Amino acid sequence: MSAPTVWILVHQLDAGGAPAVLVRYLRWLASERGPGAAERPEVHVIALADGRHAPAVASLTESCTVLGPATGRSRSATIALAAGELGLPAAGARFHHAWLRRRVGHLPSPDVVLVHGAGAWRAWRALAPAAGRARLVLHLHELAIGIGRSVPAEERGALVAEPDALAAVCEPDEGVAELLGARRGELLVVPSCADAPVALAAGGGGGPQVVGVGEAGWRKGSDRFEALAHDLARRRPDVAVRWIGVPPPVGWELARPEPGPVRWEGEHPDPWSGVGPDALVVLPSREGPLPLVALEAGARGLAVVGSGTGGLAPLLAGGRGWFVEGRDPAALGAAVDEALADPTEAARRGRALQAEVVASLRPEAVGPRWLAAVLGDAGT
């Protein structure tokens, strides 16, 4: 049998866990191309929006088709929006979908279409007529809140009913389980993955550090992180509290009479470069399927305190970190206090998390499961 052709649909190729994980899957797949390479799929990525991962994706696949800019809208999407404002939403949507299909007209017909995250469902809805009778696979990188933000209510039934196979990066939360209904038992867990362990430089600023990493916002719990920082400032003024990544939205600072105790450091090409090996990584999330920050911290042997629904609880179980059930800021603060009070135990838990990431959550471990879920019978 010839190699199957796979289209991978993604929402965007900029910052975020889903595009970063896709690059790791693709890098693993490219590394497998040796003897028997003809059995490997021919992969074409189609992204609704451009971003920093586009060059890597293009280098690892047969093609990468970008349908819109990293920010703003394409001309077609703008015309469709204008049609909606004029009371012609259906005509605008038909025009936009036809334009998107023309953009992929050069691609070979797929045997498999992978919708990589619920955010890419809009791409599937537009491109489905061009995909023919391809096998459809949905790999969720979101839980209930993320799905609610990505897929209109009237489309969520189709999101579950149409795919031939369903996968997710962690066990479903209550909202996703309810959405899946009778198909709950079919769900395959194919987790995110982390790159090889990285040794951190000694130091990193001196003194104890509490570090948050990622794009600040409500879902990531950056408001809870700042509340934690205020509490630490009163009780542990020796602790430096930093957030590395996209800062809170414009206007956040207007709610405070003076600068708070968090050092908002902004984006960095390598957010871990200034983090010392004794830092405590805190994920105060309200929802996080399987946060890459936790996996990347684990790959570096850092201790992690986390909260929220999703895959953090099992990841940090068994003495691999601290996990706080529910959304109690006091409980989160107590876990941080415990970790800061016993650096030896924090280091031990960091090593235990690193061992779990190396053994089970490297691309070499997850890649075969991902490929088997995507190809199904198309890979035999």
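The structure presented is a predicted model; accordingly, all values stated were derived computationally and were not measured.
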* Look at the aromatic rings of H96 and W99 and report parallel, tilted or perpendicular, splitting at 30° and 60°. => parallel
* Count the heavy atoms of every other residue, nucleotide or ligand shown that sit under 6.0 Å from CD of E265, and state whether that count exceeds 12. => yes
* Structure fact -> Here the gap from S192 atom OG to L295 atom CG, rounded to the nearest 0.5 Å, amounts to 6.0 Å
* Asked: Of all heavy-atom pairs between V57 and C64, which one has the smallest distance, and what is that distance?
  -> CG1-SG, 3.8 Å
* Is there a side-chain contact between V10 and P19, using heavy atoms and a 4.5 Å cut-off? -> no
* With side chains defined as the heavy atoms from C-beta onward, is the minimum distance between V366 and Y25 less than 4.5 Å? -> yes
* Asked: In terms of heavy-atom contacts, does CZ of R183 have more than 12 from other residues, nucleotides or ligands at under 6.0 Å?
  -> yes
* Asked: Does any non-hydrogen side-chain atom of R219 lie less than 4.5 Å from one of S285?
  -> no
* To do: Quick one: closest heavy-atom pair of P41 and L29, and the distance?
  => CG-CD2, 4.1 Å
* To do: Go through the steps for D14 and R52 under the test salt bridge (charged side-chain N to carboxylate O under 4.0 Å, His left out), then give the verdict.
  => CA-CA 5 Å; D14 206 351; R52 70 188 70 180; 2.8 Å; yes
* To do: Would you verify whether the NZ or CZ of R263 falls within 45 degrees of the ring axis of W243 while also being under 6.0 Å from that six-membered ring's centre?
  => no
* Mutual orientation of the aromatic rings belonging to H116 and H141 [parallel < 30°, tilted 30-60°, perpendicular > 60°] -> tilted
* Asked: Nearest heavy-atom pair of A365 and A359: which atoms, and what distance?
  -> CB-O, 4.0 Å
* Is the shortest heavy-atom distance from the side chain of S63 to the side chain of L107 under 4.5 Å? -> yes
* Structure fact -> Between the CG atom in L48 and the CH2 atom in W124, the distance rounded to the nearest 0.5 Å is 13.5 Å
* **Check against salt bridge (charged side-chain N to carboxylate O under 4.0 Å, His left out), R27 and E364** => CA-CA 10 Å; R27 191 176 293 129; E364 294 82 355; over 6 Å; no
* Structure fact -> Exactly one of V6, T61, T5, T65 clears side-chain contact (heavy atoms from CB on, under 4.5 Å) with H44, and that residue is T5
* Asked: Under 3.5 Å, side chain of E267 to main-chain N/O of G245, donor-acceptor pair present?
  -> no
* Asked: In terms of hydrophobic clustering (I, L, V, M, F, W, Y; side-chain heavy atoms under 4.5 Å; direct or indirect links), are V239 and F225 co-clustered?
  -> yes
* Structure fact -> Rounded to the nearest 0.5 angstrom, the CG-CZ distance for L159 and R156 is 9.0 Å
* To do: Could you check if a side-chain atom of V189 sits within less than 4.5 angstrom of a side-chain atom of E171, using non-hydrogen atoms only?
  => yes
* Counting N and O atoms only, with roles assigned by atom type, does the side chain of S360 sit under 3.5 Å from a partner on the main chain of V357, one being a donor and the other an acceptor? -> no
* Roughly how far, to the nearest 0.5 Å, is the CG atom of L136 from the CH2 atom of W7? -> 12.0 Å
* Hphob cluster co-occupancy, L127 + V112, side-chain heavy atoms under 4.5 angstrom -> no
* Check whether V137 and V43 end up in the same hydrophobic cluster, where Ile, Leu, Val, Met, Phe, Trp and Tyr are linked by side-chain heavy atoms less than 4.5 Å apart. => yes
* Asked: Would L375 and V45 show up in the same hydrophobic cluster when neighbours are defined by side-chain heavy atoms closer than 4.5 Å?
  -> yes
* E174 atom CD: more than 12 heavy-atom contacts under 6.0 Å -> no
* To do: Verify salt bridge (charged side-chain N to carboxylate O under 4.0 Å, His left out) between R125 and E155, making sure each step is shown before the conclusion.
  => CA-CA 9 Å; R125 185 51 71 226; E155 278 288 311; 3.0 Å; yes
* Asked: Heavy atoms, side chains only, cut-off 4.5 Å: are I244 and V275 in contact?
  -> yes
* To do: State, yes or no, whether a side-chain contact exists between P208 and D278 at a heavy-atom distance under 4.5 Å.
  => no
* Asked: Which pair of non-hydrogen atoms, one from G68 and one from V66, has the smallest distance, and what is that distance?
  -> O-CG1, 3.2 Å
* **Straight-line distance of W28 CH2 to D195 CG, nearest 0.5 Å** => 14.5 Å
* To do: Walk me through it: do H11 and S150 pass the test side chain to side chain contact (heavy atoms under 4.5 Å, CB included)?
  => CA-CA 9 Å; H11 174 230; S150 303; over 6 Å; no
* Heavy-atom check, side chain of R236 versus side chain of L340, under 4.5 Å -> yes
* Asked: What pair of heavy atoms forms the shortest contact from A177 to P172, and how long is it?
  -> N-CB, 3.8 Å
* Consider only side-chain heavy atoms of I, L, V, M, F, W and Y, link residues closer than 4.5 Å, and tell whether V104 and W121 are in one cluster. => yes
* Is atom CZ of R73 surrounded by more than 12 heavy atoms (other residues, nucleotides or ligands) closer than 6.0 Å? -> no
* State the CG-SG distance between L315 and C170, to the nearest 0.5 angstrom. => 11.0 Å
* Please say whether more than 12 non-hydrogen atoms of neighbouring residues, nucleotides or ligands are located less than 6.0 Å from CD in E345. => yes
* To do: Apply the test side chain to side chain contact (heavy atoms under 4.5 Å, CB included) to residues V304 and W322: give CA-CA distance (whole Å), side-chain angles for both, the deciding distance (0.1 Å), then the verdict.
  => CA-CA 6 Å; V304 174; W322 286 265; over 6 Å; no
* Evaluate the criterion salt bridge (charged side-chain N to carboxylate O under 4.0 Å, His left out) for residue pair D337 and R235; output intermediate values, then yes/no. => CA-CA 10 Å; D337 284 345; R235 298 180 294 100; 3.0 Å; yes
* Asked: Between the side chain of H139 and the main-chain N/O of V190, is any donor-acceptor distance below 3.5 Å?
  -> yes
* **Side-chain H-bond candidate by donor/acceptor type, Q209 with R242, under 3.5 Å** => yes
* To do: Return the minimal non-hydrogen interatomic distance between V324 and A331, and the atom names on each side.
  => CG1-CB, 3.5 Å
